[in-house]
Amino acid sequence: MSSDEKQVAPRSLAEALRAKDDGSLAALLRARPDLITPVPTDLTQLATRAGTRASVIRALERLDRFTLQTAEALAVAPEPADRETLLALLAGDENDPAVVGAFPHALAALREQALVWGPDDRLRLVRTARELLAPSPQHPSPTGLGPTVAEATSGMSPGRIQEILTAAGLPTTHDAVSAVASLTGLFTDRARMAELLAAAPPDSLDVLSRLVWGPPYGQVTADPASRLRWLLDRGLLLPTAPGTVVLPREVALHLRAGRAHRDTQPLPPAVEPAATHRPQVVDTTAAGQAYTSLATIEELLKDWDEGGPAVLRAGGLSVRDLKRTAVALDVPEPVAAFWVELAYAAGLLASDGEADERYAATPAYDEWLELPAAARWTRLATAWLSATRTAGVIGGRDAKERTLSALGPGLDRSAAPEVRHRVLTLLAALPEGASASPDSLVARLHWERALRGAASSDDLRARLARWTLSEAESLGITGRGALSAHGRALIGVQPSAAAPETETETDSGPGDKLPVHHHRHHPAPPPQPRSAAEPASAAARAGKLLAPLLPEPLDHVLLQADLTAVAPGPLQRPLADTLDVLADVESKGGATVYRFTPGSVRRALDAGRSASDLHAFLSEHSRTPVPQPLTYLIDDVARRHGHLRIGSASAYVRCDDDALLNEIIADKRSQGLRLRRLAPTVLAAQADPATLLEGLRSMGFAPAAESAEGDVLITRAHAHRTPPRTAPEPVPDGPPSPDTTLLGAAIRAIRAGDLASTTPHKPTAAAPGRNGTLPRTTSAETLATMQAAVLTGDTLWIGYVNAEGSASQRVIAPIKVEGGFVTAYDHTADEVRTYPLHRVTGVAELADEQA
């Protein structure tokens, strides 16, 4: 690099940002959206914000492992470091080709996020990042390196330093600075260090080997052993505190063959396929599970139709109610919690807000039921994909050791949407029909977010990934662990090219082979998301791919002589609703079995159906003749239905057959109802009508309720609904990424503000130099300068105080001055504005080379 180029090297991050073009600034703001909230006034403020601790930590958390290792290596390199020194710390003496190939991308990523600045021969890490990543006794470096010789000997006496030089075979010097430099030169010279260590006792080398990869600190006694004394005498171990020694950084790097890290990981670990199935099998399996998910949500909300469980005082669902829901859905409790949370996330379920607050379906549920099956599924899938509420944490404890309950507070995990989308994207990168090994998937996520992923499998991102695999399978996004075609469309991934037919496993048996196209050092590029696809259009495309795979609803059942009906598939809604009233579900699966009982037939009669209606309904919708036992059952229940009448007296029973009333009174099971005869055809009870109805039905009778006018009451299922509710908003993981329009406007505002704050101006008596203060001129001088600028077209620098009293500096090009106002093109705001002259504190002309 020439001397002229060295002179223009930026002296600060602000100057480095000032040299970037608009595209680079847009990339920075897109990668670190917290920097744009609110929009900085100029590039100096942007640089200051980019160096704050919170912003730097957020940026470091989003680095992949190798890019983070590059930043860690720069933190232990001399400041400023050149590109070759930094690369040597990563690639080592053997110059690892994988590291050499990945290094330019990692350095470019650090530059793009403004964590590193400066030319290649003067690379600097942002000060806050260096403080976080550099070694210190309180915060060990991730590299395991200790302090440099200069840092470790900063408190050492000059005489002791000279003694170390003599023991190491170096000539003594006249001052401590040159002595430290001489010792550092020895430790960084590979040939001389090899000679020095060749003369070391084996026990001393063993001590160094235990400290070389960190931690670099060790404990010694007041009278060290000979193996330690040999190292201390030559400065290979340096004291840092009484009883504590440290391995200097330069010595450790020599022993490590120049590597800053024990395990440098320049390439992401491959996501290994666990099994491969035919894509058609995957799609049909996923479609079957997708239809099951719709049926499960319907069953859940139908169970809560007349008002679901009560809301706990602290919010959420009680453990008992969750268990009852799991039994009703015939699933384990964690799975039941997932379906409950999914219905809530989709806006189909909420609390009703009443005094006795309960959970119930929302009006949106009724609208959802009217949609085609594929559209109902996409509503659930898109809600799951973007939801931050995480069902997997239910049953755990929050920071205050309170149990986390379903539908309760504290379930939001802002990283969940990003992890879900990334897991599905990694599945999409595998060959079609291939499922992923969960361990390799977690390892890949750890590499991509090195600071957020711990080494153990219990960290949040690992658990989110495993929950994603399970939930995507339950929802029908994946089938047999592989991403389905409609799952690919859901995340906006273009269909991949047809995979080679060779060496692909089929579903024939365990002897088949897995695909062998994948190579760890050259992974196949993943399918790219469609940048122009909106979530709504992606969901619509997924629905179109799923729709042909879903079973068509049937309009018939198969009646059998054992008082059962078999539905060989999903039923059309009117048929299913009527059958749910007329019969009880006995078993589910590929075919649903309904059983007709006296109680279920009576339920249909209570709902206003007559015996003839039921016979006609069964004849119309059965592909088999109506069995005679079922006909007899309906006629027998209908014959007795309403023979007894229950009213409110507090309650009474009336019947034209007094012998039947005698039978009821004589039955010991009626004693709890406390019946007494009022007339030959009327019995009175102290129980309420509902209890009396239930009691007589349990005794085998078929009473009907009647109104005060003596009319039979028809009881239909009452669907309780909440007031209109919106779905819960996801909790964002930091500020949202800005769109192109916002980025363009923000960059123009930052550039304009920077122009106002940095543009040189001509010195005047009132404003002798650029000292950061507003220009000050008299009103007459301000007016004259403005009028002259209108004639000459010059650009001026002004100070301005707005109506709220906030002062700012601006660069304007006056267009006209009249009536106490100046109309000018404001470079700061990038628009024409009018300013009152009495609010202008002063004006200065720009320097000739800037005007």
Quick one: [atom1] on [X] to [atom2] on [Y], what's the gap to the nearest 0.5 Å?
{"X": "Glu471", "Y": "Leu464", "atom1": "CD", "atom2": "CG", "answer": "9.0 Å"}
{"X": "Leu348", "Y": "Glu367", "atom1": "CG", "atom2": "CD", "answer": "10.0 Å"}
{"X": "Leu63", "Y": "Leu110", "atom1": "CG", "atom2": "CG", "answer": "6.0 Å"}
{"X": "Leu35", "Y": "Leu17", "atom1": "CG", "atom2": "CG", "answer": "9.0 Å"}
{"X": "Arg18", "Y": "Leu43", "atom1": "CZ", "atom2": "CG", "answer": "5.5 Å"}
{"X": "Leu451", "Y": "Leu68", "atom1": "CG", "atom2": "CG", "answer": "5.0 Å"}

Closest heavy-atom pair and its distance - [X], [Y]:
{"X": "Ser474", "Y": "Trp339", "value": "O-CH2, 3.6 Å"}
{"X": "Ala14", "Y": "Thr44", "value": "CB-CA, 4.1 Å"}
{"X": "Ala789", "Y": "Pro814", "value": "CB-CG, 3.8 Å"}
{"X": "Ser293", "Y": "Leu475", "value": "OG-O, 3.9 Å"}
{"X": "Thr425", "Y": "His421", "value": "OG1-O, 2.7 Å"}
{"X": "Leu545", "Y": "Ala485", "value": "CD1-O, 3.7 Å"}

Taking side-chain contact (heavy atoms from CB on, under 4.5 Å) as the test, write out the residues that go with Ser136, two or more places apart.
-> Gln138, His139
Between the side chains of [X] and [Y], is a donor N or O closer than 3.5 angstrom to an acceptor N or O?
{"X": "Arg49", "Y": "Ser55", "answer": "no"}
{"X": "Ser386", "Y": "Arg420", "answer": "no"}
{"X": "Glu72", "Y": "Thr143", "answer": "no"}
{"X": "Thr834", "Y": "Thr823", "answer": "yes"}

Is there a donor-acceptor contact under 3.5 Å from the side chain of [X] to the main chain of [Y]?
{"X": "Arg488", "Y": "Val493", "result": "no"}
{"X": "Ser470", "Y": "Trp467", "result": "no"}
{"X": "Thr390", "Y": "Val393", "result": "no"}
{"X": "Gln69", "Y": "Gln265", "result": "yes"}
{"X": "Glu341", "Y": "Ala337", "result": "no"}
{"X": "Gln45", "Y": "Thr41", "result": "yes"}
{"X": "Ser141", "Y": "Ala134", "result": "no"}
{"X": "Arg122", "Y": "Asp82", "result": "no"}

Mind checking what makes salt bridge (Lys or Arg N to Asp or Glu O under 4.0 Å) contact with Arg130, not counting sequence neighbours?
-> Glu79
Identify, with sequence neighbours excluded, every residue that meets salt bridge (Lys or Arg N to Asp or Glu O under 4.0 Å) alongside Arg83.
-> Asp120
Ring centre gap for Tyr835 and Tyr800 strictly below 6.0 Å = yes
Taking the side chain as every heavy atom from C-beta outward, state whether [X] and [Y] have any atom pair closer than 4.5 Å.
{"X": "Arg58", "Y": "Arg53", "answer": "no"}
{"X": "Leu743", "Y": "Ile36", "answer": "yes"}
{"X": "Trp117", "Y": "Leu123", "answer": "no"}
{"X": "Thr795", "Y": "Ile812", "answer": "no"}
{"X": "Leu404", "Y": "Asp398", "answer": "yes"}
{"X": "Pro417", "Y": "Thr388", "answer": "yes"}
{"X": "His486", "Y": "Ile477", "answer": "no"}
{"X": "Leu385", "Y": "Leu424", "answer": "yes"}

For Trp797, is the NZ or CZ atom of Arg810 found under 6.0 angstrom from the centre of its six-membered ring and inside 45 degrees of the ring axis?
-> no
Has Arg833 got more than 12 heavy atoms of other residues, nucleotides or ligands less than 6.0 Å from its CZ?
-> yes
Is it true that atom CZ of Arg839 has more than 12 heavy atoms of other residues, nucleotides or ligands lying nearer than 6.0 Å?
-> yes
Can you list the residues that meet the side chain to side chain donor-acceptor pair (under 3.5 Å) rule with Thr67, with sequence neighbours excluded?
-> Asp64
Who pairs with Glu448 by side chain to side chain donor-acceptor pair (under 3.5 Å), at least two apart in sequence or on another chain?
-> Arg422, Arg444
Could you go step by step and tell me if Val811 and Leu796 meet the side chain to side chain contact (heavy atoms under 4.5 Å, CB included) rule?
-> CA-CA 6 Å; Val811 176; Leu796 304 176; over 6 Å; no
Member of Ile297, Thr362, Leu407, Thr722 meeting the side-chain contact (heavy atoms from CB on, under 4.5 Å) criterion with Leu349 = Leu407
Test side-chain contact (heavy atoms from CB on, under 4.5 Å) applied to Val423 and Leu483, Val442, Thr468, the passing residue | Thr468
Using atom types as modelled, flag every donor-acceptor pair under 3.5 Å from a side chain in residues 19-28 to any protein atom, sequence neighbours excluded.
unit_1: Asp21; atom_1: OD1; unit_2: Gly23; atom_2: N; d: 3.3
unit_1: Asp21; atom_1: OD1; unit_2: Ser24; atom_2: N; d: 2.8
unit_1: Asp21; atom_1: OD1; unit_2: Ser24; atom_2: OG; d: 2.9
unit_1: Asp22; atom_1: OD1; unit_2: Arg751; atom_2: NE; d: 3.0
unit_1: Asp22; atom_1: OD1; unit_2: Arg751; atom_2: NH2; d: 3.1

Please walk me through it: do Leu90 and His261 pass side chain to side chain contact (heavy atoms under 4.5 Å, CB included)?
-> CA-CA 7 Å; Leu90 293 166; His261 296 86; 4.3 Å; yes
Should Trp368 and Leu380 be marked as a side chain to side chain contact (heavy atoms under 4.5 Å, CB included) after you check the CA-CA gap, both sets of side-chain angles, and the distance that decides it?
-> CA-CA 10 Å; Trp368 179 77; Leu380 297 179; 4.0 Å; yes
Apply side chain to side chain contact (heavy atoms under 4.5 Å, CB included) to Arg466 and Leu469, showing your working.
-> CA-CA 5 Å; Arg466 297 180 189 277; Leu469 293 175; 5.5 Å; no
